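Data first, discussion second: the structure below is written as structure tokens.
Note that the structure is predicted; figures quoted are calculated from it, not measured.
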Number of protein chains: 2
Amino acid sequence: MSQFYTQEDLLHVAVDCAVFGYDTSDGQLKVLLFKRKVKPLSNRWSLVGSFVQKNEDLRDAAIRVLHDFTGLEDVFLKQLRCYGKVKRDPGGRVISILYWSLIKLEEQKQHVVNSHGAKWYNIDDVPKLVLDHNDMIREVLLKIRRIAMTAPIGKELLPEFFTIPQLLQLYQAIYQRELDDRNFRKKILSTSLLIKQNHKDKSSSKKGAFYYKFDHNKYSELLDKGYHIDF
Amino acid sequence: MSQFYTQEDLLHVAVDCAVFGYDTSDGQLKVLLFKRKVKPLSNRWSLVGSFVQKNEDLRDAAIRVLHDFTGLEDVFLKQLRCYGKVKRDPGGRVISILYWSLIKLEEQKQHVVNSHGAKWYNIDDVPKLVLDHNDMIREVLLKIRRIAMTAPIGKELLPEFFTIPQLLQLYQAIYQRELDDRNFRKKILSTSLLIKQNHKDKSSSKKGAFYYKFDHNKYSELLDKGYHIDF
DNA sequence: ACAAAAGTGTTGTTCATACACCCATGG
DNA sequence: CCATGGGTGTATGAACAACACTTTTGT
């Protein structure tokens, strides 16, 4: 494989993905787990992941995992960091690069998820996972909380059309506390990144709440103008 | 090596360290570079780094590199992220975990640095480096800029006793622009993390500037009380 | 008519920015 | 006495937090 390097410094390298979805029907933020297939600790709950192939970029490995387990492509996907303690995996020396992803639950292919025995767990109801995977989820959640106030993550987790109360509920699920609805609405709308629709969602109230959708053009402009988010 | 995993998924794993120091005498932020020893691209400027050993934690590998090249221990050291493009290194498939470090220049062992042919480069004077190392430096600098306003990084880069003008100069080197000295002083002192000494540094003015030192106890208290910085 | 959720404004506080003069001292 | 860098205060606008009532409409 390598013309120059020796074989001495070879390690197992894996990617793990903390995949988050938001269920608008029960207002819960969820994470995708499956029963690990590889020994040791096989059949125990785990983040979805895979070994990285020799000819595969790290990010591509994460994309492959995501596609394998959800049927989705072109998802929001970021690297968090690398976990590399010698004894983190009792089966051998494996370093793992943690990616995190936000997806729209209604776009996943349910049969793909089912075919792997994967399941969505509410984030405050995650069982004990293999290795350091509980730490991983906690760290990603901290990251999400840090950026959610400045990054438009709603567009990754909600359907194309959504209401402000839904968005508020999502943020409350992320921060696991109540937010002031007036201040929230003000702040969100002041970004001018939401386009009000003229139909309403009447499923959760008699008055009905106006739908909005995300203004992708305006967001691109912002990014072009140098607005930067440090994910 | 592994009882359970197959040999198919083995890759080269390295750590690279972006080591920053601040020179109070010329007011420049500097990064430590050396001429890469390993083929290909040997003898070209590079971040300091090494392969990770099989029985070595990632962080320990970074600590080892830092110790090897500077003679220092117990330094400020954080992981940034992992670089893993297939073709990033023409010599073979190598993924690299980037660490960054802030050190006090006057504490390094100069003969250790010299013995590796390592050199300090001003950050706006970095030559073309091997692989993606220029990107790495740029990303670390962005990270430092993001956190410098909320994290007390002066204590990592300056000597035990330092003056406010020195600290200001450091921050100006980091942001590569002028900062308002009155606002800076106000903000820095409002943290109550600096203890004023009653001797002065007269080396750069006739009036002399009071020395301060960092209040480690108060800082620990803050951290205990839940104050959190997302490095 | 009423229950239930959607929607709306004002005020006080805190924080970042902009800006100009006096102070202490060595030469 | 004067040149040099050290040190100080105030005013303004922006962003955030706290807080209560009116609107709509299906039943």
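If you measure from atom CZ of B/F184 to atom P of C/dC15, you get 17 Å, rounded to the nearest angstrom. Protein atom CZ of B/R177 is 11 Å distant from nucleotide atom C1' of C/dT17, rounded to whole Å. One interatomic measurement links the two molecules: CD of A/E178 to P of D/dC19, which rounds to 13 Å at whole-angstrom precision. Look at CG on B/N198: it is 14 Å from P on D/dG7, rounded to the nearest Å. Going from atom CG of B/D181 over to atom C1' of C/dA18 covers 12 Å, rounded to whole Å. Rounded to a whole Å, the CG atom of B/L179 is 17 Å from the C1' atom of D/dG6. What separates CG of B/D180 from P of C/dC21 is a distance of 15 Å, to the nearest Å. Atom OH of A/Y211 is separated from atom C1' of C/dA6 by 14 Å (rounded to the nearest Å).
Here the nucleotide nearest the side chain of B/K202, chosen from C/dT25, D/dA18, C/dC23, is C/dT25. Looking at the side chain of A/K207, the nearest of the listed nucleotides C/dG7, D/dG5, C/dA18 is C/dG7. When each of C/dT8, D/dT8, D/dT23 is scored by its nearest atom to the side-chain atoms of A/R182, the top-ranked nucleotide is C/dT8. Set against D/dG6, C/dT25, C/dG7, the side chain of A/P165 has C/dG7 as its closest nucleotide. Distances from the side chain of A/K206 to the nucleotides D/dG7, C/dA6, D/dT25 place D/dT25 closest.
B/T163 comes within contact range of no nucleotide atom at all, as no heavy-atom separation falls under 4.0 Å.
The two residues A/A18 and A/L47 come nearest to each other via the heavy atoms CA-CD2, 4.1 Å.
Nucleotides of DNA chain C nearest to A/K186 and A/Q166 differ in position, and the one nearer the 5' end is that of A/Q166. Judged by closest nucleotide on DNA chain D, B/G208 is the one of A/G208 and B/G208 placed further toward the 5' end. Closest-nucleotide positions on DNA chain C for B/S205 and A/S205 were compared, and the one nearer the 5' end corresponds to A/S205.
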Q. What do the steps show when you test A/Y83 against A/E139 for side chain to side chain donor-acceptor pair (under 3.5 Å), and what is the final call?
A. CA-CA 12 Å; A/Y83 290 70; A/E139 284 197 55; 2.8 Å; yes
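Between A/D57 and A/R59 no salt bridge is recorded (no basic side-chain N to carboxylate O distance below 4.0 Å).
Scanning atom types as modelled, one donor and one acceptor separated by under 3.5 angstrom connect the side chain of A/N183 and the base of D/dA18.
Using the six-membered ring where Trp is involved, A/Y211 and A/F161 have ring planes that are perpendicular, over 60° apart on the 30 and 60° scheme.
Annotation: side chain of B/K225 is in contact with side chain of B/E221 (closest heavy-atom distance under 4.5 Å).
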